[in-house]
Structures are given as structure tokens and as C-alpha cells.
Novice: 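Pasting in a structure now, in C-alpha cells, and then I'll have a few things to ask.
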Amino acid sequence: QVQLVEAGGGLVQPGGSLRLSCAASGSIFSINAMGWYRQAPGKQRELVATITSGGSTNYADSVKGRFTISRDNAKNTVYLQMNSLKPEDTAVYYCAAEIVPVVAGRLLRYWGQGTQVTVSP
């Protein structure tokens with residue numbers, strides 16, 4: 001069984017920083033892309049950033065220059081460093097990963113449980 005466990009959300013003032021982490025565990029054969037998505041109240045879930053197994057990254061325009069995604073393949077963990085946070089960054093942030101579980105033998109997408117990020121004075 002594969003799980004994604006997130007950590008690092010919380011309340012921060014505008015201009016502040018937070019670092020999210022997401023660790024994949026279980027019977028994993030390989031992990032391809034990993035990424036972060038977010039969903040604000042009343043809005044659809046949107047892509048924040050993704051990173052391939054080789055380290056290529058992609059960012060939403062709204063976070064370019066402020067957020068940095070990285071991963072530690074040895075730890076099956078992806079990170080999101082968020083700087084210069086704005087109130088409009090307030091959302092539930094979800095980790096996602098494309099994983100080949102040992103038992104399935106094919107690529108599946110997994111989601112974390114979500115972590116709340118609130119940016120407020």
C-alpha cells in the first residue's frame with residue numbers, strides 16, 4: 001500500500017515563508033513526477049508546481065519566483081519552499097505523485113491528504 005504524507009502547513013503573515021514536505025511510503029517500485037496542487041475555498045484545484053524524477057520543474061505563473069519545488073529521490077520526498085507569501089496563496093495544498101507500486105506494476109497517481117496554508121496578518 002502506498003501513502004503520501006504531507007507536513008509543514010500553517011498560519012503565516014504576508015511576506016513570510018513556509019516549507020511543505022511530502023513523503024511517499026509503502027511498496028514502491030519507482031516514482032516519476034511529483035508535484036503540488038492547491039485548492040482555495042470555492043475554487044477548483046490548481047497546479048502549483050511539478051518536478052520530474054530527473055529534476056525538471058514547472059511552475060504556475062502565479063508562484064514563479066516565489067516558490068521552489070525540490071525532491072530527494074533517496075527519501076521519496078518532495079518539498080515546496082514558499083517565500084513572499086500572499087493572502088491569495090491561502091488554500092489547502094495537496095501533494096501528488098506518479099508511482100509504480102510493486103504490486104500493480106503500472107503507473108498510478110496518488111494524492112496526499114492535504115495541508116492547510118493560511119496567509120493572514
Side-chain angles (χ1 to χ4, degrees):
Q1 191 171 357
V2 174
Q3 285 186 319
L4 298 181
V5 179
E6 301 153 351
L11 173 65
V12 63
Q13 292 185 340
S17 298
L18 281 175
R19 189 190 194 210
L20 306 181
S21 65
C22 171
S25 63
S27 298
I28 296 171
F29 178 74
S30 65
I31 303 177
N32 288 10
M34 303 182 82
W36 292 93
Y37 294 74
R38 66 186 181 187
Q39 188 167 18
K43 294 187 177 181
Q44 289 189 334
R45 190 174 297 189
E46 63 176 4
L47 180 145
V48 176
T50 60
I51 184 168
T52 67
S53 56
S56 296
T57 59
N58 180 54
Y59 295 93
D61 288 343
S62 59
V63 306
K64 282 182 182 176
R66 301 188 298 122
F67 291 10
T68 302
I69 189 171
S70 61
R71 64 190 283 174
D72 184 332
N73 291 332
K75 296 181 179 179
N76 290 341
T77 299
V78 62
Y79 305 95
L80 186 68
Q81 177 66 44
M82 304 184 291
N83 298 330
S84 303
L85 282 160
K86 304 175 181 180
E88 50 264 43
D89 294 318
T90 295
V92 177
Y93 283 70
Y94 296 91
C95 169
E98 297 175 345
I99 295 173
V100 179
V102 170
V103 294
R106 59 188 178 94
L107 194 65
L108 299 173
R109 170 165 283 200
Y110 290 86
W111 291 91
Q113 79 283 1
T115 185
Q116 178 70 47
V117 171
T118 302
V119 185
S120 179

Novice: Should the heavy atoms of other residues, nucleotides or ligands under 6.0 Å from CD of Gln44 be counted, would the total exceed 12?
Specialist: no
Novice: Only one of Val2, Ile31, Ile28 clears side-chain contact (heavy atoms from CB on, under 4.5 Å) with Tyr110; which?
Specialist: Val2
Novice: Begin from the C-alpha positions of Asn32 and Ser53 and carry the test side chain to side chain donor-acceptor pair (under 3.5 Å) through to its verdict.
Specialist: CA-CA 5 Å; Asn32 288 10; Ser53 56; 5.3 Å; no
Novice: Looking at Thr90 and Val119, would you say the former's side chain and the latter's main chain have a donor-acceptor pair under 3.5 Å?
Specialist: yes
Novice: When rounded to the nearest 0.5 angstrom, what is the spacing between CD in Glu98 and CG in Leu108?
Specialist: 10.0 Å
Novice: Hey, could you give me the CG/CD1 distance between Leu4 and Ile99, rounded to the nearest 0.5 Å?
Specialist: 5.0 Å
Novice: Determine whether Val92 and Leu20 fall in the same hydrophobic cluster, where Ile, Leu, Val, Met, Phe, Trp and Tyr are linked whenever their side-chain heavy atoms lie under 4.5 Å apart.
Specialist: no
Novice: Strictly by ring-ring contact (aromatic ring centres under 6.0 Å, His included), give each pair with a member in residues 12-69 just once, sequence neighbours left out.
Specialist: Tyr37-Trp111
Novice: With sequence neighbours left out, write down each residue that passes ring pair (Phe, Tyr, Trp, His ring centres under 6.0 Å) with Tyr94, or none if nothing qualifies.
Specialist: none
Novice: Rounded to the nearest 0.5 Å, what separation is found between the CD1 atom of Ile69 and the OG1 atom of Thr52?
Specialist: 10.0 Å
Novice: Can you tell me if CD on Gln3 sees more than 12 non-hydrogen neighbours from other groups inside 6.0 Å?
Specialist: no
Novice: Does the side chain of Ile51 reach to within under 4.5 Å of the side chain of Thr57, using non-hydrogen atoms?
Specialist: yes
Novice: Listed by chain and number, what are the salt bridge (charged side-chain N to carboxylate O under 4.0 Å, His left out) partners of Lys64, not counting sequence neighbours?
Specialist: Asp61
Novice: Not counting sequence neighbours, list each pair that qualifies as a disulfide (SG to SG under 2.5 Å) and has a residue in residues 7-121.
Specialist: Cys22-Cys95
Novice: Who pairs with Glu6 by salt bridge (charged side-chain N to carboxylate O under 4.0 Å, His left out), at least two apart in sequence or on another chain?
Specialist: none
Novice: Taking all atoms of both residues into account, what is the closest heavy-atom pair of Pro121 and Pro14, and its distance?
Specialist: N-CD, 3.6 Å
Novice: Do Val102 and Val100 belong to the same hydrophobic cluster, where Ile, Leu, Val, Met, Phe, Trp and Tyr are linked whenever their side-chain heavy atoms lie under 4.5 Å apart, directly or via other members?
Specialist: yes
Novice: Just grab all the side chain to side chain donor-acceptor pair (under 3.5 Å) pairs involving residues 68-78, residues at least two apart or on different chains.
Specialist: Arg71-Asn73
Novice: With a 4.5 Å heavy-atom cut-off, do Arg38 and Leu80 have their side chains touching?
Specialist: no
Novice: Got a sec, which pairs hit disulfide (SG to SG under 2.5 Å) with one end in residues 41-87, sequence neighbours left out?
Specialist: none
Novice: Test question: given the 4.5 Å side-chain rule for I, L, V, M, F, W and Y, name all other residues clustered with Val5, or answer none.
Specialist: none
Novice: For Tyr79, what are the other residues in its hydrophobic cluster, where any two members join if their side-chain heavy atoms are less than 4.5 angstrom apart?
Specialist: none
Novice: Mind checking what makes salt bridge (charged side-chain N to carboxylate O under 4.0 Å, His left out) contact with Arg45, not counting sequence neighbours?
Specialist: none
Novice: Sequence neighbours excluded, which residues qualify as side chain to side chain contact (heavy atoms under 4.5 Å, CB included) partners of Ser120?
Specialist: Leu11, Thr118
Novice: Taking salt bridge (charged side-chain N to carboxylate O under 4.0 Å, His left out) as the test, write out the residues that go with Arg66, two or more places apart.
Specialist: Asp89
